[in-house]
Amino acid sequence: MTHAVESVAYDVVVIGAGPVGENVADRARAAGLSTAIVESELIGGECSYWACMPSKALLRPVVARADARRVPGLAAAVQGPLDTAAVLAHRDTYASHWKDDGQVAWLEGIGADIFRGRGRLTGPKAVTVTAPDGTEHRLTARHAVAVCTGSRAVVPDLPGMESARPWTSREATSAKEVPGRLVVVGGGVVGVEMATVWGALGAEVTMLVRGKGLLPRMEPFAGELVAEALTEAGADIRTGVSATSVERPEPEGPVTVGLDNGERIEADEILFATGRAPRTDDLGLETVGLKPGSWLTVDDSCQVEGVPWLYAVGDVNHRALLTHQGKYQARIAGAAIAARAQGVPLLETDRWGAHAATADHAAVPQVVFTDPEAASVGLTLAEAERAGHRVRAVDHDLAAVAGSGLYADGYRGRARMIVDLDREILLGVTFVGPGIGELLHSATIAVAGEVPLDRLWHAVPAYPTISEIWLRLLETYRGN
Ligand SMILES: Cc1cc2nc3c(=O)[nH]c(=O)nc-3n(C[C@H](O)[C@H](O)[C@H](O)COP(=O)(O)OP(=O)(O)OC[C@H]3O[C@@H](n4cnc5c(N)ncnc54)[C@H](O)[C@@H]3O)c2cc1C
């Protein structure tokens with residue numbers, strides 16, 4: 001039954017309390033705007049419970065053990081198996097045991113009003129929240145509605161899918177048991193990270209990849225080095241194949257996947273890591289002239305094209321599906337909403353350029369937490385060439401610096417920087433190797449800051465650290 005019990009006006013209404021919605025609310029509140037935030041599941045969103053947090057908690061012991069096994073004097077002490085129960089318990093802690101009390105307290109602390117339930121637009125600046133018990137709250141936004149509803153996993157519509165009960169990223173990050181055999185469909189970030197985790201915990205992993213290799217959005221050598229390591233760890237990686245059917249005849253029995261080359265593979269679980277779709281299908285977009293189920297196209301202040309009071313922030317705008325990038329957009333959208341609410345022209349108010357998410361175009365950093373790690377910022381060589389830049393790719397073996405040899409015996413890794421030859425700045429950097437995730441921010445600073453290479457030459461890396469790769473890259477570029 002539906003009860004219409006309340007209608008309340010706020011300056012800002014945020015739909016979706018993932019990391020991005022929380023940060024929009026924080027910025028709006030900091031600017032003195034009254035703010036309501038609506039959440040249909042757990043406050044904290046995908047990132048906290050089924051994505052970044054649990055996946056990285058699962059990967060940390062796997063990667064730490066692999067690193068330790070490459071250190072003489074330590075290797076012998078870490079040859080044993082991982083303590084699966086402890087790894088899963090650590091993951092459970094990082095996922096806050098799928099309870100959101102901590103994040104509720106944080107939101108209450110900033111003075112945002114929380115509405116539990118599904119939020120839907122019902123017209124310009126109007127949002128109806130339907131709570132699980134059917135109660136409705138009607139919210140009106142004086143200045144802005146921010147859609148921060150994120151994305152969900154896409155699974156292909158294959159014959160047999162319903163009875164096969166496949167894993168998506170949610171099950172892969174929250175599973176309570178290690179499957180004996182796991183098929184991973186997809187060779188992107190989620191696919192390689194989950195293959196790394198479950199393989200290290202004892203699953204026999206088969207990866208099915210439609211394209212030529214893993215991590216297709218990075219420089220080709222990233223996927224090659226990660227594939228090499230996964231194969232050495234026991235994974236069977238099959239490229240150029242597609243799953244065409246799945247079946248699980250007995251609910252508790254194995255699942256069989258059919259391939260387009262006629263082969264069939266039996267496993268205990270099958271993970272589809274085959275992309276993301278926007279959570280906009282049941283959002284009332286049609287009531288404001290937009291298409292349900294679509295990604296929401298925005299300008300650099302995250303304002304939806306053609307709808308000045310509507311903002312779309314985070315995964316849902318499809319600019320960069322990463323928590324840190326969504327939170328960056330949230331800071332910008334929050335500042336833009338506040339400036340417009342106060343009638344202040346955006347460009348005149350802030351020398352930080354804080355009303356335009358320019359880094360989304362030029363300097364998105366990403367770390368893939370596999371063994372080896374793969375990290376990149378900015379453009380790949382292919383992307384830079386497609387964009388029409390006159391560029392040179394400068395490559396170097398990461399094993400060539402003293403820091404990497406100390407980090408791991410038999411260190412394997414590679415670095416590439418993409419130089420814009422007209423401006424002599426960097427357009428992109430990629431590192432692949434153990435322990436390079438923490439190196440990425442140096443590259444992000446160089447790319448976002450458009451630091452001229454003749455200045456970068458004076459940023460002296462400490463000896464003996466892996467960062468000395470910067471010196472080798474610059475020497476290679478200078479030709480000495
Ligand atoms: C396995 C995996 C690992 C990842 N690892 C990383 C990582 O290491 N680093 C990184 O930067 N990124 C990572 N990501 C990406 C990251 O999870 C997302 O970019 C991030 O969660 C996006 O935040 P968001 O707030 O836009 O959306 P979400 O986190 O998806 O939050 C959206 C919220 O909106 C709510 N919602 C949706 N519709 C409605 C509605 N109609 N009414 C009310 N509430 C609604 C949802 O319930 C949800 O709580 C990973 C993703 C996956 C799948």
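Here, residue 1 is the first one in the sequence, and each next residue gets the next number. In listed order, ligands and their atoms are each counted from 1. Predicted, not measured: the structure shown is a model, and the values here were computed from it.
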If you measure from the Lys or Arg side-chain nitrogens to the Asp or Glu carboxylate oxygens, is any gap between Asp300 and Arg319 under 4.0 Å? yes

Could you tell me whether a side-chain N or O of Asp11 sits under 3.5 Å from a main-chain N or O of Ser34, the two making a donor and an acceptor? yes

Hey, what's the ring geometry for Phe431 with Trp470, parallel, tilted or perpendicular (30° and 60° as the breaks)? perpendicular

For atom 52 (C) of ligand 1, closest protein heavy-atom neighbour: Ala51 CB, 3.4 Å

With Glu41, the salt bridge (charged side-chain N to carboxylate O under 4.0 Å, His left out) member among Arg152, Lys99, Arg116, Arg170: Arg170

Polar atom proximity, Thr173 to ligand 1 (N or O, under 3.5 Å): no

Which atoms of ligand 1 have any heavy atom of Gly18 under 4.0 Å away? 25 (O), 31 (O), 33 (C)

Do any heavy atoms of Ala273 fall under 4.0 Å from ligand 1? no

Quick test of your reading of the structure: of Glu193, Glu39, Glu46, whose heavy atom lies closest to atom 33 (C) of ligand 1? Glu39

Any nitrogen or oxygen of Gly21 lying under 3.5 Å from a nitrogen or oxygen in ligand 1? Just yes or no. no

Enumerated ligand 1 atoms positioned under 4.0 Å from heavy atoms of Ser55: 3 (C)

Assess Val129 for proximity to ligand 1: is some non-hydrogen atom of it under 4.0 Å away? no

Step through it carefully: locate the ring centre of His324, locate the ring centre of Tyr328, and say whether they are under 6.0 Å apart. no

Strictly distance-based, threshold 3.5 Å: is any side-chain N or O of Arg70 a donor or acceptor partner for the main-chain N or O of Tyr411? no

Relative to the heavy atoms of His324, which atoms of ligand 1 are at a distance of less than 4.0 Å? 11 (O)

Backbone N or O of Val78 within a donor-acceptor pair of the Arg69 side chain at under 3.5 Å? yes

Specify the protein heavy atom at minimum distance from atom 34 (O) of ligand 1: its residue, its atom name, and the distance to 0.1 Å. Gly16 CA, 3.2 Å

Polar proximity ligand 1 side, Lys56 side, N/O cut 3.5 Å exclusive: yes

A student comparing Val24, Ile15, Thr323 should find that the heavy atom closest to atom 10 (C) of ligand 1 comes from Thr323

I need the nearest protein heavy-atom contact for atom 39 (C) of ligand 1: residue, atom name and distance, please. Thr149 CG2, 3.6 Å

Pro54, Gly284, Cys52: member with heavy atom nearest to atom 14 (N) of ligand 1: Cys52

Considering both backbone and side-chain atoms of Val316, is one of its nitrogen or oxygen atoms within less than 3.5 Å of a nitrogen or oxygen in ligand 1? no

Any idea which atoms of ligand 1 are less than 4.0 Å away from a heavy-atom of Glu41? 47 (O)

Does Ala172 offer a backbone N or O that forms a donor-acceptor pair with the side chain of Trp198 under 3.5 Å? yes

Just by modelled atom types, is the Leu33 backbone N or O under 3.5 Å from a matching donor or acceptor in the Thr35 side chain? yes

Is the closest basic N to carboxylate O distance between Glu219 and Arg414 below 4.0 Å? no

Among Arg165, Arg248, Arg181, find the residue that satisfies the salt bridge (charged side-chain N to carboxylate O under 4.0 Å, His left out) test when tested with Asp268. Arg181

For ligand 1, does Val367 get within less than 4.0 Å through its side chain, its backbone, both, or neither, judged by non-hydrogen atoms? neither

Answer yes or no: does an N/O atom from Trp50 fall short of 3.5 Å to an N/O atom of ligand 1? no

Looking only at N/O atoms, are Asp282 and ligand 1 under 3.5 Å apart anywhere? no

Which ligand 1 atoms, with their elements, are less than 4.0 angstrom from a heavy-atom of Cys148? 32 (C), 33 (C), 34 (O)

Can you check whether Arg279's main-chain N or O pairs, donor with acceptor, with Thr149's side chain at less than 3.5 Å? yes

Is it true that a side-chain atom of Arg29 and a backbone atom of Gly111 form a donor plus acceptor pair closer than 3.5 Å? yes

May I ask you to decide if Ala9's main-chain N or O and Thr140's side chain share a donor-acceptor pair within less than 3.5 Å? no

For atom 24 (P) of ligand 1, find the nearest protein heavy atom and state the residue, atom name and distance (0.1 Å precision). Val20 CG2, 3.6 Å

Tell me which protein heavy atom sits closest to atom 27 (O) of ligand 1, plus the residue, atom name and distance to 0.1 Å. Gly150 CA, 3.3 Å

So, Arg340 versus Ser301: side-chain donor-acceptor pair below 3.5 Å or not? yes

Is the backbone N or O of Thr380 less than 3.5 Å from a side-chain atom of Glu383, with the two atoms forming a donor-acceptor pair by type? yes

Interfacing atoms of ligand 1 (cut-off 4.0 Å, heavy-atom, Leu321): 15 (C), 19 (O)

Leu283 neighbourhood, listing ligand 1 atoms whose heavy-atom distance to it stays under 4.0 Å: 41 (N)

Would you compute the distance between atom NE2 of His441 and atom CD1 of Ile445 and round it to the nearest 0.5 angstrom? 4.0 Å

Keeping Gln329 on the side-chain end and Val313 on the backbone end, is there a donor-acceptor pair under 3.5 Å? no

Quick one: which of Ser169, Ser40, Ser151 has a heavy atom closest to atom 1 (C) of ligand 1? Ser169

Considering only non-hydrogen protein atoms, determine which one is nearest to atom 42 (N) of ligand 1 and report residue, atom name and distance to 0.1 Å. Gly119 N, 2.9 Å

Residue and atom name of the nearest protein heavy atom (relative to atom 22 (C) of ligand 1), distance in Å to one decimal: Asp315 OD1, 3.3 Å

For atom 23 (O) of ligand 1, what is the closest protein heavy atom, and at what distance to 0.1 Å? Pro19 CG, 3.5 Å

Arg276 to ligand 1, any heavy atom closer than 4.0 Å: yes

Ligand 1 contact on Cys47 by region, counting heavy-atom pairs under 4.0 Å: both

Enumerated ligand 1 atoms positioned under 4.0 Å from heavy atoms of Leu322: 10 (C), 11 (O), 12 (N), 19 (O)

